[in-house]
Each structure stands twice: as structure tokens, then as C-alpha cells.
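A short worksheet on the structure shown next.
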Amino acid sequence: MEQSIKVNVTVIGAGPGGYVAAIRASQLGMKTAIVEKDRPGGLCLNWGCIPSKALLKSAELYEKLKKGGTFGLKADNVSYDLAAIVDRSRGISERIVNGVEYLLKKYKIQHIKGAAGIVSPKEVRVETEGKTTGIQTDHIIIATGTHPRDLPGIRRDGERIISSKEAMLLKTLPKRLVVVGAGAIGMEFAYYYSCLGSEVTILEALDRVLPVEDDEVSAEVAKSFKRRGVKIETGARVSSAVRNGEEVKIEYEVGGAKKTITADVTLAAVGVIANTDGLGLEKVGIKTYKNGISVNEHMQTSVPTIYAIGDVIGPPWLAHVASAEGVHAVEHMAGKNPHRIDYNSVPGCTYCKPEVASVGYTERRAKEEKIEYTLGKFSFRASGRAIAAGDADGFVKLIFEKKYGGLIGAHIVGGEATEMIHELVLAKNLEATAEEIGKTIHAHPTLGESIMEAALDSIGERIHGA
Ligand code: NAD
């Protein structure tokens with residue numbers, strides 16, 4: 001059976017890039033269709049950001065409850081039910097996905113289930129079981145995301161050699177877990193499973209955990225993980241993981257020496273690959289590069305009626321970036337002349353404990369680019385609020401460029417870093433100086449005061465702290 005429809009915009013992929021783009025298109029009066037082969041929400045809502053935050057919350061609470069005595073609580077024999085933790089996470093994902101389905105209906109976006117192929121610069125075909133839909137469209141937005149990268153020597157079996165998706169579903173705790181890759185995914189799951197009692201080893205090819213973060217932040221997180229018993233081997237390049245019955249043997253190399261480690265489960269979290277197969281990019285002449293689809297600053301591909309947004313266009317692979325790119329693409333096609341996206345002002349967050357959040361320059365990058373800078377730091381150990389909360393590890397580190405004094409980089413590790421960072425994203429966008437941040441009255445007692453103190457520190461006016 002074949003049906004044919006005509007719209008202004010067709011969005012392929014309903015993740016946080018695609019569904020946000022579709023909503024914005026509808027708000028701007030465009031007739032909009034969205035094609036998705038699974039449920040809307042993409043990796044983020046179904047198998048990433050949201051369900052993982054639910055798991056992390058359970059782990060964090062479990063750990064806190066075990067320390068209840070230090071808060072004057074009697075919480076003896078605290079235990080957990082892993083299946084119930086996983087079920088809660090799935091339920092939360094389901095609820096948020098239902099919310100997106102509601103929004104698609106509210107904005108009268110035609111939701112077509114199936115796999116889309118681009119036939120021409122203004123035509124998409126969708127194949128669903130036994131049914132084909134031809135879509136005539138003025139514009140197309142590709143928002144198909146990524147999937148986990150495989151290492152040549154690691155063949156995932158979904159049971160003992162797994163990716164983040166299966167790591168979200170394990171209902172039996174692995175006694176020994178080896179995490180390959182200390183990026184955001186690796187660190188979040190290492191934290192989750194170590195809280196629940198697994199013996200966790202992290203193998204990271206580069207010289208530190210969370211290698212995109214500031215060196216001091218990586219060091220602080222590594223120190224905290226080691227304190228909780230997580231083993232970390234850096235400079236460790238994994239070459240293979242082979243299942244042998246109920247075990248997995250992982251081979252890796254450190255400084256030229258070959259090593260092996262045995263685990264019950266190994267999680268490979270070594271990056272992502274763009275989902276471009278089956279889209280028909282070559283047929284219409286859409287150019288690609290090693291990380292996915294090439295676009296200009298307005299998210300237009302080499303075919304001007306076709307835009308691409310989100311993970312499929314390469315780093316930073318972050319949901320909030322995908323959404324911003326989706327809004328930008330739609331506003332551009334509507335002739336609204338939107339501001340360019342400033343990729344230097346994108347916050348990045350990792351939700352293990354200690355939490356990590358940052359924006360802009362790291363100190364290493366400032367040095368590499370020979371930017372003259374001043375630093376301000378404040379430790380949560382000197383924050384009354386952090387001490388009262390029983391969570392006083394970590395610090396705020398701010399980097400100001402010397403010439404005009406504006407904030408160029410901000411790094412928080414500990415506390416509520418992922419909630420606190422936005423003050424600094426705004427400050428960076430407004431090119432706020434240390435004086436402007438430091439003389440802004442922050443409520444006492446709050447973790448936010450640490451930002452004020454770090455700013456004051458950079459001009460020699462810090463009040464608290466050693
Ligand atoms: P990543 O690229 O952030 O980290 C992968 C890590 O694996 C790197 O540090 C890399 O050096 C290491 N690695 C690669 N090959 C290796 C090998 N052979 N042996 C040992 N280590 C090796 O990727 P990820 O953690 O898989 O996450 C994928 C993407 O999703 C990232 O861009 C990430 O930022 C994003 N993400 C973000 C969040 C968040 O914002 N909290 C959460 C999850 C994922």
C-alpha cells in the first residue's frame with residue numbers, strides 16, 4: 001500500500017534534536033512530519049540521559065543511606081532490589097517518552113513510524129511493514145543520532161560484553177565489572193555499579209579519566225573514585241574482550257606491556273558512530289566526513305534544502321546541543337536569521353559523584369593557545385553548605401583571560417555541579433569579569449557562594465578558605 005503526503009518540513013529522527021526541531025517548525029507555522037522507527041525521544045530519553053539519571057539517583061541514595069549514621073539517622077541493613085531499580089528507570093523513561101508523544105500531537109506534527117530514505121532534495125520515502133509513505137517536502141532535517149562504537153577486538157554479545165543500553169538493564173549485579181573508556185558513559189556506569197557493590201576497574205587509553213575535562217578536575221574525580229575502591233588504569237589501550245563461558249577476558253596494553261584482566265561483565269564505552277546507513281546520502285550528494293554529515297554554520301548540508309543536526313553531525317555529542325541545532329536549523333529555513341551557535345559556550349556535565357560540569361576553556365587549552373589568563377579557585381571544603389550536606393569534596397575553578405578580564409572557562413567538580421554551571425555559562429556569554437561575578441551577592445549558605453569566592457580569589461579578594 002502506498003500513501004503520499006505533502007509538508008513543509010520532514011524531520012528524520014525524533015531524538016532531542018529532531019523532536020525539538022519539529023516543535024519549533026510547527027510553532028513557526030510550518031506543516032511538519034517526523035519520521036521515527038522506534039518510540040520518540042531517541043537515545044537520550046529511551047536509553048541515555050534520562051533512564052541513566054534515574055539509575056544514578058538510586059545508587060546515590062543507597063550510598064547516602066548506608067552513611068545515615070553520620071547524619072544521626074538509624075538506617076541499618078539498607079539493601080536494594082536491582083530489578084526494582086531498573087524497573088523504576090524504565091518507567092521514568094516511558095513517562096518522559098509519553099510526554100514527547102503528547103507534545104507531537106499538541107503541535108499537530110505528523111508522526112510517521114518507519115525507516116526513512118531520502119529520494120531527492122525534496123522527497124522522502126518511509127517504509128513501514130507493508131506500507132510505503134512518499135513525502136513531498138520543502139525541507140528535510142536529518143537528526144538520526146549515533147550508536148555505540150565497537151572496537152575491532154570486542155564483539156558485544158549484549159550479556160557479558162555490553163554497551164550502555166544493556167548496562168541500564170542488568171538485573172543481576174556483576175561481581176567484577178571492567179569498564180573500557182573513561183568518558184562520560186564509562187564514568188557514570190563505573191560510579192553506579194561501584195555504589196551497588198561491584199568491583200569496578202576502568203581501563204582508559206588516554207592519560208586520565210574524563211580526558212575532555214580540565215586536568216585538575218580529572219585528578220579530583222580519579223582520587224574520589226579510587227577512594228571508593230574503583231581501580232583505574234590510564235594509558236591502557238584495550239585490544240580485545242573475549243567471552244569464555246561465564247567470564248570475559250580483556251587484553252590491553254600499558255606502556256608497551258601486555259596485560260589481561262578477567263571480568264564477569266565488561267562495558268565498552270569508547271565513543272559513538274553516526275547513524276547514516278540507509279538514508280541515501282550518496283544518492284542525493286550529501287557530503288560526509290569522519291564524524292558524520294558535514295554542515296555549514298546554519299546546519300545546512302551540501303544540499304541546501306537538507307539540514308542535519310545533533311549527534312549525526314559530530315561532536316559535541318550532547319542532547320542540549322542537538323536541540324539548539326534543531327531550533328537554529330528551523331529558524332534559518334524560516335528566514336529568521338538566528339544567531340550562530342557558540343560551541344565554546346556549551347556546558348558539559350557528567351553525573352557521577354563527584355559531579356562534573358564545565359564550560360569553555362580548560363587551563364591546558366588556554367596554555368596551548370597561548371592565552372594569558374588568571375585563575376580563581378575555591379574548595380567546597382571551605383563551604384558551610386557543602387559541609388552541612390556531608391559532601392565537601394571538590395572545587396570551583398574559573399579562568400579569566402587577562403586582556404579584557406572576561407570569563408573564558410569554568411569548571412566545577414563536586415556538589416551540585418551540574419545545576420550550578422549555568423550561572424557560569426551565562427557569565428561567560430556576557431563576558432563577565434571576576435569583579436562582576438565576585439561582587440554579585442550570592443545567598444548564604446549556598447554552594448553557589450563558591451563561585452563568588454572563586455571569582456574573588458582570582459583578584460586576590462577571597463574571604464573564606466585556606
Ligand atoms: P567518549 O568519547 O566520551 O569516551 C570514550 C573514552 O574511551 C575516551 O576517553 C577514549 O580515550 C577511550 N578509549 C577509546 N578506545 C579505547 C581503548 N581501545 N581502550 C581504552 N580506552 C579507549 O565516549 P562515551 O563515554 O562512549 O560517550 C559517547 C558520547 O556521548 C560522548 O561524546 C559523550 O560526551 C556523550 N555522553 C554524554 C553524557 C553526559 O553528558 N553526561 C553521558 C553519556 C554520553
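Remember, it's 1-based here, ligands and their atoms both numbered in the order they're listed.
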Which protein heavy atom lies closest to [atom], and at what distance to 0.1 Å?
{"atom": "atom 4 (O) of ligand 1", "result": "G183 CA, 3.4 Å"}
{"atom": "atom 40 (O) of ligand 1", "result": "C349 O, 3.0 Å"}
{"atom": "atom 15 (N) of ligand 1", "result": "R149 NH2, 3.6 Å"}
{"atom": "atom 26 (O) of ligand 1", "result": "G271 N, 3.0 Å"}

Nearest to [atom] by heavy atom, [options]: which?
{"atom": "atom 5 (C) of ligand 1", "options": "P152, A182, G181, A269", "answer": "A269"}
{"atom": "atom 35 (C) of ligand 1", "options": "F189, W317, Y252", "answer": "W317"}
{"atom": "atom 8 (C) of ligand 1", "options": "R237, E204, R208, E253", "answer": "E204"}
{"atom": "atom 37 (C) of ligand 1", "options": "C44, A184, A319", "answer": "A184"}
{"atom": "atom 13 (N) of ligand 1", "options": "I154, V238, V270, T234", "answer": "V270"}

Determine, for E220 against K223, whether the closest basic-nitrogen to carboxylate-oxygen distance falls under 4.0 angstrom.
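A salt bridge links E220 with K223.
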
Mark up the atoms of ligand 1 that fall under 4.0 Å of a heavy atom belonging to [X], in ascending order.
{"X": "V272", "answer": "28 (C)"}
{"X": "L206", "answer": "11 (O)"}
{"X": "A236", "answer": "19 (N), 20 (C)"}

Hey, does E188 come in under 3.5 Å of ligand 1, counting only N/O atoms on both sides?
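Yes.
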
Are any of the N/O atoms in L151 less than 3.5 Å from those in ligand 1?
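L151 vs ligand 1: no N/O contact under 3.5 Å.
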
Do [X] and [Y] meet the cation-pi criteria used here (NZ or CZ under 6.0 Å from the six-membered ring centre, within 45° of the axis)?
{"X": "K259", "Y": "Y252", "value": "no"}
{"X": "R90", "Y": "W47", "value": "yes"}
{"X": "K353", "Y": "Y191", "value": "no"}

Got more than 12 heavy atoms from elsewhere within 6.0 Å of CD, E431?
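Open: at most 12 neighbouring heavy atoms sit under 6.0 Å from CD of E431.
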
